[in-house]
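The block underneath contains the structure these notes are about, expressed in structure tokens.
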Amino acid sequence: MDLNTIERNDPDSASQSAAAASAPAKKVFVKTYGCQMNVYDSQRMTDALAADGYTATDVIADADLVLLNTCHIREKAAEKVYSELGRIRDMKAERAAVGREMLIGVAGCVAQAEGAEIIRRSPAVDLVIGPQTYHRLPDVLARVRGGEKIVETEYAIEDKFEHLPQPKRAEMIKRGVTAFLTVQEGCDKFCTFCVVPYTRGSEVSRPVAQIVAEAERLADAGVREVTLLGQNVNAWHGKGEDGMEWGLGRLLFRLAEIPGLARLRYTTSHPRDMDHELIAAHRDLPALMPYLHLPVQSGSDRILKAMNRRHTAKDYLALLERIRAARGDIALSGDFIVGFPGETEADFEATMDLVRQVNYASAFSFKYSPRPGTPGADMPDHVPEAVKDERLQRLQALLLKQQQDFGLSLVGSTIDTLIEKPGRQAGQKVGRSPWLQPVIVDEKAGEIGDIIRVRITKTGYNSLFAELA
Ligand code: 5AD
Ligand code: SF4
């Protein structure tokens, strides 16, 4: 599993759609932690709740329902949720004092991993719901309002996507010109550091027709760029419209036919699942952006083996050569873990070497964090925290230098930019380069949703500045 994680409190992930006409509007506050899949899930939960009469709020004290969509990938994620729940419990008490209800729900990967333990430790919590049962949210809420406490973490037999309502078109338009679309969930690879196979379950691919229909709806609402999501997105497969078994490459060719969808991306991939057709898609599809997030985690074969990645550093480099031969301007991004149990200085140096050879345009790097229940947690020779800190600093300095050099290499060149939103400063708009960098342009350069040709004039810390070409 390799989706990138950042913590966010994202009012956009909660929709503002109109409440059901009959009931007085109830308000839901959703806080999203973790990866893009959680962002997508928060939207779909909000859509399910909109059908149940809830509108979104970004003021937690106003909320009749507070949902924490949690992440369990690293660190003391569960502990963070418990301390957040302590704060919310106090707000719940304040609302109760004036006769108003505040239901508290915990969703996501901590919910799946901890289950009933959450209500035992935080009795103010009313419901705990795992990622595979979000379509049951309205039912669960009805029971909660009847006074029950509910823990819903069984893997559902029915397909949740088929039961989750789609947002209204007006709502989709508000969400902007880029969108996520989950096509695959779960993981069967069992990397020894990773908790995902236990929280998201085994690999499931959504059917082609569902994906195409959702992509068409997005395009119809003005979306220009779709990012296909999956913990192992390139393990996606399904029966195609021609009756043949399709892989992600074939699916991308199909989605590229949808009018209006100008840009496609996918994340996150496993090196073992980069097949010939997917590489061909990079070669033949102009809509498939030349940017690939392909985590390697370590450059040491010994550590890769202990991580159960089932490839060597050489395999990874050879694969990149094939991908770069197919698409010359492709930029690479990756994930790295330092301080996996047993990692020596020589192992770490092998990672630094690999990074020097690949030259990443961006990357995410983390200190190994033992996850309860994963094989890595029980391995001998855990690396001292201070050593992890020191290695992470060295790795991040190198990756940052590569990222900045990549930005600088673009200065003076002419590139396409999708205009996404108004800039933070007056008079500016922000677009996105093919390589995911924010591109700052004059607001008159074009309208949101336009793809314009710009010349890069200079770089910022993480962004590019550009003028119309
Ligand atoms: N410790 C540190 N990093 C981890 N990741 C996944 N599990 C762990 C862990 N136990 C990182 C991997 C993965 C990214 C999403 O998070 O690099 O690709
Ligand atoms: Fe996403 Fe869950 Fe993995 Fe966190 S643990 S990165 S939320 S799938």
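One-based numbering, in listed order, for ligands and for the atoms of each. All figures in this text were calculated on a predicted structure; none of them were measured in a lab.
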So if I count the atoms of ligand 1 from 1 in the order they appear, which ones are less than 4.0 Å from some heavy atom of [X]?
X      : answer
Gln297 : 12 (C), 13 (C), 17 (O), 18 (O)
Phe366 : 3 (N), 11 (C), 14 (C), 16 (O), 17 (O)
Arg371 : 10 (N)

> Which is it for Ile73 and ligand 1 at heavy atoms under 4.0 Å: side chain, backbone, both or neither?
Replying inline: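 Near ligand 1, Ile73 shows its backbone as well as its side chain.
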
> What part of Lys367, side chain, backbone, both or neither, has a heavy atom within less than 4.0 angstrom of ligand 1?
Replying inline: backbone

> Under the 3.5 angstrom rule, does the side chain of Arg265 hit a backbone N or O of Phe180 as a donor-acceptor pair?
Replying inline: no

>> Can you check which of Gly376, Ser369, Gly334 brings a heavy atom nearest to atom 10 (N) of ligand 1?
In response: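 Residue with the shortest heavy-atom distance to the ligand atom: Ser369.
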
>> Using side-chain heavy atoms (C-beta onward) and a distance below 4.5 Å, is Ile211 in contact with Arg254?
In response: no

> Hey, does Phe340 have a side-chain heavy atom less than 4.5 Å from the side chain of Met307?
Replying inline: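 Result yes, sub-4.5 Å side-chain heavy-atom pair found.
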
>> Just to verify, which of Glu152, Arg44, Met45 counts as forming a side chain to side chain contact (heavy atoms under 4.5 Å, CB included) with Leu137?
In response: Met45

> Given Leu68 and Leu85, is the side-chain contact (heavy atoms from CB on, under 4.5 Å) satisfied, shown in steps?
Replying inline: CA-CA 9 Å; Leu68 302 184; Leu85 285 172; 3.8 Å; yes

